[in-house]
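Each chain gets a letter, A, B and so on, in the order its sequence line appears, and its residues count up from 1.
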Number of protein chains: 2
Amino acid sequence: MNSLFKRRSIRHYTKEPIKPESIELLLKAAMAAPSAGNQQPWHFIVIQDRRILEEIPNLHPYAQMVMEAPLAILVCGDISSEKHPGFWVQDCSAATENILIEACELGLGAVWVGVYPNEQRVAALSKLVGLPEKIIPFSLVPIGYPAEHKPPSNRYDMAKIHYNRW
Amino acid sequence: MNSLFKRRSIRHYTKEPIKPESIELLLKAAMAAPSAGNQQPWHFIVIQDRRILEEIPNLHPYAQMVMEAPLAILVCGDISSEKHPGFWVQDCSAATENILIEACELGLGAVWVGVYPNEQRVAALSKLVGLPEKIIPFSLVPIGYPAEHKPPSNRYDMAKIHYNRW
């Protein structure tokens, strides 16, 4: 069973720091994602500064786990030169999912914290890390060595499958 | 190197049919994706009927490869009971990315063909497979045994990485 199936949302972490080579692999995984017209309309803010991390739960109602995380990656979309309007959301989603899978592959735990399209969260996180106008904070991925362990979940539901037509 | 890094967009396929157990694994991978509030707002149309497949290039300008594909999965979003408005796009993107990675894992080739938010493609594909009003065709993933082989691509770009702040 590969990491794609083992991945769970992990919200508790040990204090062990993440190795720089692991951070690089997480970012390489993100950038290995497909994107519309191969535009790669993403940027990544690697946040390890505790003053910044500990401000985040004041700005986002579901980000309390950041207090425990040694690292969070803020995945951002670049809408400054969209060739395929609106598809940046899908591209950044694929990059986010790749980070989650690679984290599992590396023995790390991570969780996808939604930011966009919630306007309040977008505005607050943009300000926190000083994003330019055309760079949109899309998702936040807190990451650390897991301090909780969950078995793979089974979400397979045959009622969601249709053959040839609805 | 895992499939996440090996995955490439494959648009040429052999005529070899895909085993039913592989189709099941592709759908299990899709449904292993995370979703906002674990709402799993997705449905999957598994298209193998050649009459339906061969109609698709008439409805979508970038779907010519479907003519060669033994199978395409139409990933759809269910907006009938959104608890986290707008996040279904991200959930369906994660499911789509998982299908692409699992296809690579199984020795198959696949490509993400964008549908939503292009209104014309959404309308045409909804009609083709008879989707109800609140089910939105999101992405189309043609899949087959690869008849083209591409080395892993390196999209890693340090200019996209920022530390703590922009």
query: Can you list the steps and then say if Asn164(A) with Val129(B) is a side chain to side chain contact (heavy atoms under 4.5 Å, CB included)?
result: CA-CA 7 Å; Asn164(A) 293 307; Val129(B) 299; over 6 Å; no

Given a strict heavy-atom distance threshold of 4.5 Å, which part of [X] is in contact with chain B: side chain, backbone, both, or neither?
{"X": "Ala36(A)", "value": "neither"}
{"X": "Ile45(A)", "value": "both"}
{"X": "Glu24(A)", "value": "both"}
{"X": "Asp157(A)", "value": "both"}
{"X": "Tyr62(A)", "value": "neither"}
{"X": "Trp112(A)", "value": "side chain"}
{"X": "Arg7(A)", "value": "side chain"}

message: Sort by residue number and list every residue of residues 135-148 of chain A having at least one heavy atom under 4.5 Å from chain B.
response: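 Contacts with chain B: Ile135(A), Phe138(A).
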
query: When clusters are formed by joining ILVMFWY residues with side-chain heavy atoms under 4.5 Å apart, either directly or through shared neighbours, do Phe87(A) and Val111(B) land in the same one?
result: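 As far as the 4.5 Å side-chain criterion goes, Val111(B) and Phe87(A) are not connected within one cluster.
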
Is any side-chain heavy atom of [Y] closer than 4.5 Å to one of [X]?
{"X": "Val46(B)", "Y": "Ile161(A)", "result": "yes"}
{"X": "Pro41(A)", "Y": "Lys160(B)", "result": "no"}
{"X": "Val89(B)", "Y": "Ser93(A)", "result": "no"}
{"X": "Asn2(B)", "Y": "Glu102(A)", "result": "yes"}

Enter the distance from [X]:[atom1] to [Y]:[atom2] here, rounded to the nearest 0.5 Å.
{"X": "Phe5(B)", "Y": "Glu105(A)", "atom1": "CZ", "atom2": "CD", "result": "8.5 Å"}
{"X": "Asn38(B)", "Y": "Ser153(A)", "atom1": "CG", "atom2": "OG", "result": "7.0 Å"}
{"X": "Leu4(A)", "Y": "Ile101(B)", "atom1": "CG", "atom2": "CD1", "result": "5.5 Å"}
{"X": "Gln40(B)", "Y": "Arg155(A)", "atom1": "CD", "atom2": "CZ", "result": "6.0 Å"}
{"X": "Arg165(B)", "Y": "Leu128(A)", "atom1": "CZ", "atom2": "CG", "result": "7.0 Å"}
{"X": "His162(B)", "Y": "His43(A)", "atom1": "NE2", "atom2": "NE2", "result": "4.5 Å"}

Most chain B-contacting option - heavy-atom pairs closer than 4.5 Å, from Phe44(A), Tyr163(A), Tyr116(A):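 Looking at each of Phe44(A), Tyr163(A), Tyr116(A) in turn, Phe44(A) comes out on top.
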
query: Relative to chain B, which of Cys92(A), Ala33(A), Ser9(A), Pro85(A) shows the most heavy atom pairs under 4.5 Å?
result: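 Result: the option with the highest number of such pairs is Ala33(A).
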
If you count heavy atoms of other groups shown closer than 6.0 angstrom to [atom1] of [X], is the number above 12?
{"X": "Lys150(B)", "atom1": "NZ", "value": "yes"}
{"X": "Glu54(B)", "atom1": "CD", "value": "yes"}
{"X": "Glu133(B)", "atom1": "CD", "value": "no"}
{"X": "Glu119(A)", "atom1": "CD", "value": "no"}

- prompt: Looking only at heavy atoms, which two atoms of Trp166(A) and Gly130(B) are closest? And how far apart?
  reply: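 Heavy atoms of Trp166(A) and Gly130(B) come nearest at CB-O, 3.3 Å.
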
message: Quick check: closest heavy atoms across Tyr156(B) and Lys28(A), and the distance to 0.1 Å?
response: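 Closest approach of Tyr156(B) to Lys28(A): CD1-CG, 3.3 Å.
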
query: What parts of residues 69-76 of chain B touch chain A if we use heavy atoms and a cut-off under 4.5 Å?
result: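 So far as heavy atoms go, nothing in residues 69-76 of chain B approaches chain A to under 4.5 Å.
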
- prompt: Highest number of heavy-atom pairs under 4.5 Å with chain A: which of Met31(B), His84(B), Arg8(B), Arg51(B)?
  reply: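 Of the options given, most contacts go to Met31(B).
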
- prompt: When you check the side-chain N and O atoms of Glu97(B) and Asn98(A), is any donor under 3.5 Å from an acceptor?
  reply: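 Indeed, the side chains of Glu97(B) and Asn98(A) share at least one donor-acceptor pair under 3.5 Å.
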
